[in-house]
Amino acid sequence: MSRIHRGTPRNLARLARLLRAGELVAVPTETVYGLAANALDAPACRQIFAAKGRPAHDPLIVHLHSLAQLADVAEPNADALKLARKFWPGPLTLVLPKKPAVPDIVTAGLPSVAVRIPSHPLFRRLLKLAGVPLAAPSANPFGYVSPTTAQHVQSGLGRKIRHILDGGPCAIGLESTILDLRDPRGPRLLRPGAVTKSEIERVLGRKIRGPKKRAARGVAQLAPGMLARHYSPRTPITLHRRRISRAAVEQGTDRAAWVFLAKPQGVAGKNIFWLDPHGALPGVARRLFHLLRRLDEKGFARLHVELASGGGLADAINDRLLRAAATVDGT
Ligand code: TXA
Ligand code: MG
């Protein structure tokens, strides 16, 4: 099993030394826990792929301590600097042309690199002490739900890695927004997150394009088999575009769990769950992965989960739910 370290000054200094020496350390961020290695050390980064069982064609995000490091790894443009000033440190990842110092293993051979400055205070201290950029994807076995506590990391990767820095539960709970800034036709959102499309548009003063394939088109066009399965619990999930009705719950079996956005009125039972007492989206986002993991351990035959509405953070929540789900129910 790996060791879970509290963020004492001594532990942070030691973990920074280990990172500089080419070891892996799982780290807390404001979004989800990451599995970090020195981004300029190719053999160290190769171990990330091995530990996660991640295919080599899936590139890593490079985390920086400060804007001064940006030019070491990427070629920023005017839009990048505008967004960096507004949203960093924070949950926004920018895809930019890469600098030669970044090894191919980090970018999966692409000429671009994904970068962000995270805001979690312990990770920031570690980045500062390490003095190098840290490559880190989410700290979960490939294809499973991202971890939002040190215990989640332990249960998924405990046998594969030696060190986990405990920074408490992640404040946001969903992976960062990813924005591609390389296309001359304009920025494109690659993954929705807590920094929303409209917030980005406000800062840039123009419209940005959505993800290429699905997500933006909404639930209606999705069919089983079309979904890019990811972030998936083992238990099958049915998503509900509208509020789950009492009748649906009453007609269901005990082997199904029902997950509401807000605490439901007039339904109760061991198989009834909700993500936020009032259905507030930040609370829903923060608890989503944790609840999916908990329910996965309870042995239900199926999870029924309500989709969020209203755009913004709801887009990010629904994106993760769509990737986790196998089928979409119209009711
Ligand atoms: O919040 C987050 O983004 C967390 C924390 C640890 O920072 N990281 C994370 O990484 O969720 P993850 O597992 O999603 O992996 C990074 C993803 C890749 O799957 C890919 O979609 C995108 O970032 N990415 C990385 N480099 C890219 C590149 N050069 N071009 C396009 N997309 C890239
Ligand atoms: Mg991931």
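Counting starts at 1 for both ligands and their atoms, in listed order. The first residue in the sequence is number 1, and the count goes up from there.
In summary, Arg206 and Asp79 engage in a salt bridge, as defined by a charged side-chain N under 4.0 Å from a carboxylate O. By the 4.0 Å N-to-carboxylate-O rule, Arg17 lies too far from Glu23 to be salt-bridged with it. Taking the charged nitrogens against the carboxylate oxygens, Arg293 and Glu297 have no contact shorter than 4.0 Å, which rules out a salt bridge. For the pair Asp276 and Lys263, the salt-bridge criterion is not met [side-chain N within less than 4.0 Å of a carboxylate O]. Between Glu30 and Arg116 a salt bridge is recorded (basic side-chain N to carboxylate O distance below 4.0 Å).
For the side-chain contact (heavy atoms from CB on, under 4.5 Å) criterion with His152, the lone passing option out of Pro147, Pro169, Cys170 is Pro147. Each of Arg162, His163, Gln154 was scored for a side-chain hydrogen bond (donor to acceptor under 3.5 Å, both in side chains) with Ser2, with one residue passing: Gln154.
By the 3.5 Å distance cut-off applied to N or O atoms, Thr93 is not counted among the residues near ligand 1. Between Glu175 and ligand 1, not a single N/O pair is under 3.5 Å apart. Note: an N/O pair closer than 3.5 Å links Ser138 and ligand 1 by distance alone. Ligand 1 has no N or O atom lying under 3.5 Å from any N or O atom of Thr29, backbone or side chain.
In this structure, His304 and His240 have tilted ring planes: the angle between them lies in the 30° to 60° band.
Heavy-atom proximity to atom 21 (O) of ligand 1, evaluated over Val32, Thr177, Ile178, is greatest for Ile178. Of the candidates Pro59, Pro91, Pro137, it is Pro59 that places a heavy atom closest to atom 33 (C) of ligand 1. Taking all heavy atoms of Leu179, Val95, Leu35, Asn140 into account, the minimum distance to atom 31 (C) of ligand 1 is reached by Val95.
With a 4.0 Å heavy-atom cut-off, ligand 1 is reached by the side chain of Arg54 but not by its N, CA, C or O. At a 4.0 Å heavy-atom cut-off, ligand 1 touches Leu60 through the backbone alone. The side chain of Arg191, and not its backbone, has at least one atom closer than 4.0 Å to an atom of ligand 1 (non-hydrogen atoms only; side chain from C-beta on).
The distance from the Mg ion (ligand 2) to the nearest N/O/S atom of Ser146 is not under 2.8 Å.
Of all atoms in ligand 1, numbered sequentially from 1 with element shown, those under 4.0 Å from a heavy atom of Thr31 are 1 (O), 2 (C), 4 (C), 5 (C). Taking a cut-off of under 4.0 Å to the non-hydrogen atoms of Leu110, the atoms of ligand 1 that pass are 28 (C), 29 (N), 30 (N). Numbered from 1 in the order shown, with element, the atoms of ligand 1 that lie under 4.0 Å from a heavy atom of Arg116 read 1 (O), 5 (C), 7 (O). Taking a cut-off of under 4.0 Å to the non-hydrogen atoms of His63, the atoms of ligand 1 that pass are 5 (C), 6 (C), 7 (O). For ligand 1 and Ser112, the ligand atoms under 4.0 Å from any heavy atom of the residue are 28 (C), 29 (N), 30 (N). The Ile61 neighbourhood of ligand 1 comprises atoms 3 (O), 8 (N), 9 (C), 10 (O), 16 (C), 23 (O), with distances under 4.0 Å to a heavy atom of that residue.
Residue contacts with ligand 1 leave out Lys98, since none of its heavy atoms falls under 4.0 Å from the ligand. The shortest heavy-atom distance from Thr107 to ligand 1 is not under 4.0 Å.
In the displayed structure, Lys99 atom NZ is contacted under 6.0 Å by more than 12 heavy atoms of other residues, nucleotides or ligands. Remark: Lys160 NZ is loosely packed, at most 12 non-hydrogen atoms of other residues, nucleotides or ligands lying under 6.0 Å away.
Of the possible polar contacts, none joining the Tyr33 side chain to the Asn140 backbone as a donor-acceptor pair under 3.5 Å is found. One N or O on the side chain of Arg124 and one on the backbone of Pro118 form a donor-acceptor pair closer than 3.5 Å.
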